[in-house]
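Scroll down for the structure; my scribbles are underneath it.
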Amino acid sequence: MATLLDGKKLAEEVRAGLRPRVEALAARGVVPGLAVLLVGEDPASVSYVTAKEKACAELGMNSFEKRLPASATENEIVETVRAFNADPTVHGILVQLPLPKGISESRVIEAISPDKDVDGFTPVNIGRMVIGEPCFLPCTPHGVIKLIETAGVQTKGAHAVIVGRSNIVGKPLANLLIRKSINATVTICHTGTKDMADHTRKADILIACAGVPELIKADMVKPGACVIDVGVNRVDDATKSKGWRLVGDVDFNAVSEVAGSITPVPGGVGPMTITMLMFNTVESAEKASM
Ligand code: GUN
C-alpha cells in the first residue's frame, strides 16, 4: 500500500513559515497584496479564486478581486491588468485561466508586469526559469517539486515521466526536474505519444497532468513508484448533493496498491499550488519594499 503524500499538511507547514515574514512586513507598514482577475463565471475557476482569496486572508494578506463578465473585451481585460501593474499596494497579479473563448490568453498574460507575475506565466519569467535565473516559479510545478523533495524521494538519476504538456504544468515541470539540483531524466508523454503505458511503466516518478479523469491505471505504474496526481476533474455523481465529485488523473484506489507513494485528490497538489502562490506574493512584497 502506497504512502500518502499529504499536500494539505505540507501546505500548512510552508504557510507557517510565511506567517512571520508577513508579520515582519506588516511591522514596516506593508501588507502583501494579491490582485485576482476572474473573467466569466466558470464554476471551477470561481472555486479556485475563492480558495486563493481565503488563503490570503488566513495569512493576513490582502486580496483585491476584480470580476469581469464573460462578455468583457480583450482591451478591458488588458486595461484591468495594467491598472494592477500601476497599483503599489498590489504585489502579485493572478489572471485566472482559462479566459473566455476569443480572448488571447498570451496577450493578457504578456500585459502582466514580470515583477508582479506571481503565477510565473509571463514569457520573461518562463525564460528566466529555463535558464536558471531568479524568477517567480509557476505555482503547481513548484508545489510538485516541494512534495517530491519533502517525501524524501530520490530524484537524482531517477526517471520522471510527465503525462501532459501544458504551459502551466507539464512543460515547466520538465524544466525544473532537469535542474542540476534535482537531476532527474525526464520523458514527456502527450496525445501524440505511442504506447504511453510503455513509458509510464518505466517511471520512478510519474506525474499525471493531462486533465483526463483516472487516465493512469494500476498496470501503467511501476511497483514502488512515486505518483503525483495534478488532475482536478469534476465527474458526475448522483450520490453527491452537488451532483459531482472530484477525481484526479490517476485511478487512485487501484494505483495505491502498486505505487510506493501517491498524492490524493483533493488534498495533494492543490493546496501546494495555492501555498506557492502565497510564497511568491510574499517574496514580491519583500522585494518591492526593500
Ligand atoms: N487555471 C488553472 N490553474 C491555474 C493557475 O495555477 N493559475 C491561474 N492563474 N489559472 C489557473
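All values derive from a computational prediction rather than experimental measurement. Numbers here are sequence positions counted from 1. Every number for a ligand or one of its atoms is a count from 1 in the order of the listing.
- More than 12 heavy atoms of other residues, nucleotides or ligands lie within 6.0 Å of NZ in Lys217, so this atom counts as buried by the packing criterion.
- Between Pro98 and ligand 1, no N or O atom pair is found at a separation short of 3.5 Å.
- Counting non-hydrogen atoms of other residues, nucleotides and ligands closer than 6.0 Å to CD of Glu41 gives a total of 12 or fewer.
- Between Asn75 and Arg107, the side chains place a donor N or O and an acceptor N or O closer than 3.5 Å (distance only, hydrogens not considered).
- Neither the backbone nor the side chain of Tyr48 comes within contact range of ligand 1; no heavy atom lies under 4.0 Å.
- Heavy-atom proximity to Val95, at under 4.0 Å, picks out these atoms of ligand 1: 8 (C), 9 (N).
- Looking at Leu97 next to ligand 1, an N or O pair under 3.5 Å apart turns up.
- At the shortest separation from atom 3 (N) of ligand 1 among protein heavy atoms lies Ile168 CD1, 3.7 Å.
- Surrounding NZ of Lys156 are more than 12 heavy atoms belonging to other residues, nucleotides or ligands, all under 6.0 Å away.
- Here the protein heavy atom with the shortest distance to atom 6 (O) of ligand 1 is Asp119 OD1, 4.0 Å.
- Heavy-atom contacts of Phe121 reach the following atoms of ligand 1: 5 (C), 7 (N), 8 (C), 9 (N) (cutoff under 4.0 Å).
- Side-chain contact annotation: Arg165 with Thr191, donor-acceptor N/O pair under 3.5 Å present.
- Polar contact check, Gln96 against ligand 1: a nitrogen or oxygen pair lies under 3.5 Å apart.
- Using a 4.0 Å heavy-atom cutoff, Lys52 is listed among the residues neighbouring ligand 1.
- Asp195 CG: more than 12 foreign heavy atoms inside a 6.0 Å radius.
- A cation-pi arrangement is present between Lys287 and Phe136 under the rule of less than 6.0 angstrom and at most 45 degrees off the ring axis.
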